[in-house]
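Side-chain atoms are counted along with the backbone in the values below, which use heavy atoms only and exclude waters and symmetry mates. What you see is a predicted model; the values in this text were computed from it and never measured.
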Amino acid sequence: MKILVINGPNLNMLGVREPEIYGEMTLDKINEELCEFSKTLGDIELDFYQSNHEGDIVDKIQSAHKLYDGIIINPAAYTHTSVAIADAIRGVEVKTVEVHLSNINSREEYRKQSLSAPSCLGIVAGFKQDSYKMALLGLYNALKND
Ligand code: DQA
C-alpha cells in the first residue's frame with residue numbers, strides 16, 4: 001500500500017515554531033516515527049512532501065492519481081483558505097485523511113473552519129505528532145477493507 005504524506009506551510013519549522021501549540025518534534029522526527037509506526041500495521045510504503053506554496057501542494061495532490069492508494073495531508077494555514085486544495089483532494093480520487101497537530105476547534109474562530117475536511121474521508125486533530133499515526137491507522141484500515 002502506497003501512502004503520500006503532505007505537509008503544508010510552516011510545518012518545516014516544527015521544533016522551533018510555537019512548541020507549546022505544535023510540540024517540540026521536528027517534521028523529520030515526526031516522519032521517522034510515522035515510518036516506524038507503519039511497520040506495526042503492515043506493508044506500507046510512505047512518501048513525504050512538504051511545501052510552503054499552495055500551487056505546489058495542488059500539483060502534488062494531482063500527481064497522486066493512480067500512483068498512491070491514500071493521502072495524509074496537513075494543509076496547515078491553507079486548511080482555512082484554500083478552495084484549490086479542497087478541489088484537488090476531491091478531484092484526485094485518492095482516499096485522503098486530514099491531520100492537525102493542534103485542536104483547530106479549540107483555537108481562534110478563523111481556524112474552526114476547514115475548507116478541505118469535507119473532501120476527506122476523516123480528520124484527526126489535537127494529538128500533536130500522534131495525529132499522523134491515528135490518521136495512518138484509520139486510512140490503512142479503510143483501504144484494506146476496500
Ligand atoms: C495546523 C493548524 C493550522 O491552523 C495552522 O495554520 C498550522 C498547523 C495544525 O497542524 O495544528 O499551520 O494545521
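- To the nearest 0.5 Å, atom SG of residue C35 and atom CD1 of residue I30 are 12.5 Å apart.
- The backbone N or O of K2 sits less than 3.5 Å from a side-chain atom of D69, completing a donor-acceptor pair.
- Connection of I61 to Y78 is established within a shared hydrophobic cluster, with ILVMFWY side chains joined at heavy-atom distances below 4.5 Å, either directly or through further cluster members.
- Residues I123 and V99 are not in side-chain contact: their nearest non-hydrogen atoms beyond the backbone lie 4.5 Å or more apart.
- Looking at N52, its side chain does come within 3.5 Å of a backbone N or O of N10 through a donor-acceptor pair.
- Across P75 and P9, no two heavy atoms sit closer than the pair O-CD, 3.7 Å.
- The distance from the CD atom of E33 to the OG atom of S38 is 12.0 Å, given to the nearest 0.5 Å.
- One N or O on the side chain of E98 and one on the backbone of A117 form a donor-acceptor pair closer than 3.5 Å.
- In this structure Y49 satisfies the side-chain hydrogen bond (donor to acceptor under 3.5 Å, both in side chains) test with no other residue, sequence neighbours excluded.
- With a 6.0 Å radius and a threshold of 12 heavy atoms from other residues, nucleotides or ligands, E93 has its CD atom at or below the threshold.
- Using modelled atom types and a 3.5 Å distance limit, the side chains of Y132 and N31 yield no donor-acceptor pair.
- Atom CD of E36 and atom NZ of K133 lie 10.0 Å apart (nearest 0.5 Å).
- Between the side chain of Q50 and the backbone N or O of G8, at least one donor-acceptor pair lies under 3.5 Å.
- Inter-residue side-chain proximity for Y68 and I3 is flagged as unmet; no heavy-atom pair is nearer than 4.5 Å.
- Once rounded to the nearest 0.5 Å, the distance linking CD1 of I6 with CG of L11 reads 12.0 Å.
- The aromatic rings of H80 and H100 sit parallel to each other, their planes meeting at less than 30°, with 60° as the upper class boundary.
- No donor-acceptor contact under 3.5 angstrom links the side chains of Y140 and D43, judged on distance only.
- For the pair I85 and E54, the minimum side-chain heavy-atom distance is below 4.5 Å.
- Under a hydrophobic-cluster definition in which Ile, Leu, Val, Met, Phe, Trp and Tyr are linked whenever side-chain heavy atoms come within less than 4.5 Å, directly or via other members, V92 and L143 are assigned to different clusters.
- When hydrophobic clusters are built by joining Ile, Leu, Val, Met, Phe, Trp and Tyr residues whose side-chain heavy atoms come closer than 4.5 Å, directly or via intermediates, L137 is not grouped with I73.
- One finds the CG atom of D87 at 10.5 Å from the CD atom of Q62 (value rounded to the nearest 0.5 Å).
- Cluster annotation: I57 is connected to L67 through the hydrophobic network of ILVMFWY side chains, with a link wherever side-chain heavy atoms come within less than 4.5 Å.
- When side chains are defined from C-beta on, D146 counts as touching K95, because their heavy atoms get closer than 4.5 Å.
- Between T26 and V16, every side-chain heavy-atom pair lies at or beyond the 4.5 Å cut-off.
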Practice problem: Would you check, one step at a time, whether the test side chain to side chain contact (heavy atoms under 4.5 Å, CB included) holds for D47 with V5? | Solution: CA-CA 6 Å; D47 284 333; V5 182; over 6 Å; no
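- When atom types are taken as modelled, the side chain of T96 and the backbone of V94 share a donor-acceptor pair closer than 3.5 angstrom.
- The shortest distance between side-chain heavy atoms of K112 and R107 does not fall below 4.5 Å.
- In this structure the side chain of T79 never reaches within 4.5 angstrom of the side chain of L115, judged on heavy atoms.
- Using a 4.5 Å cut-off on side-chain heavy atoms (C-beta onward), L34 and F48 make contact.
- The backbone N or O of G126 sits nowhere less than 3.5 Å from a side-chain atom of S102 that would complete a donor-acceptor pair.
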Side chain to side chain contact (heavy atoms under 4.5 Å, CB included) between L14 and D28, intermediate numbers included: CA-CA 9 Å; L14 290 176; D28 280 348; over 6 Å; no
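- Atom CD of E24 sits in a sparse spot, with 12 or fewer heavy atoms from other residues, nucleotides or ligands closer than 6.0 Å.
- No single ILVMFWY cluster, assembled from side-chain heavy atoms under 4.5 Å apart, contains both M1 and I71.
- Going from atom CG of L101 over to atom CD1 of I21 covers 10.5 Å, rounded to the nearest 0.5 Å.
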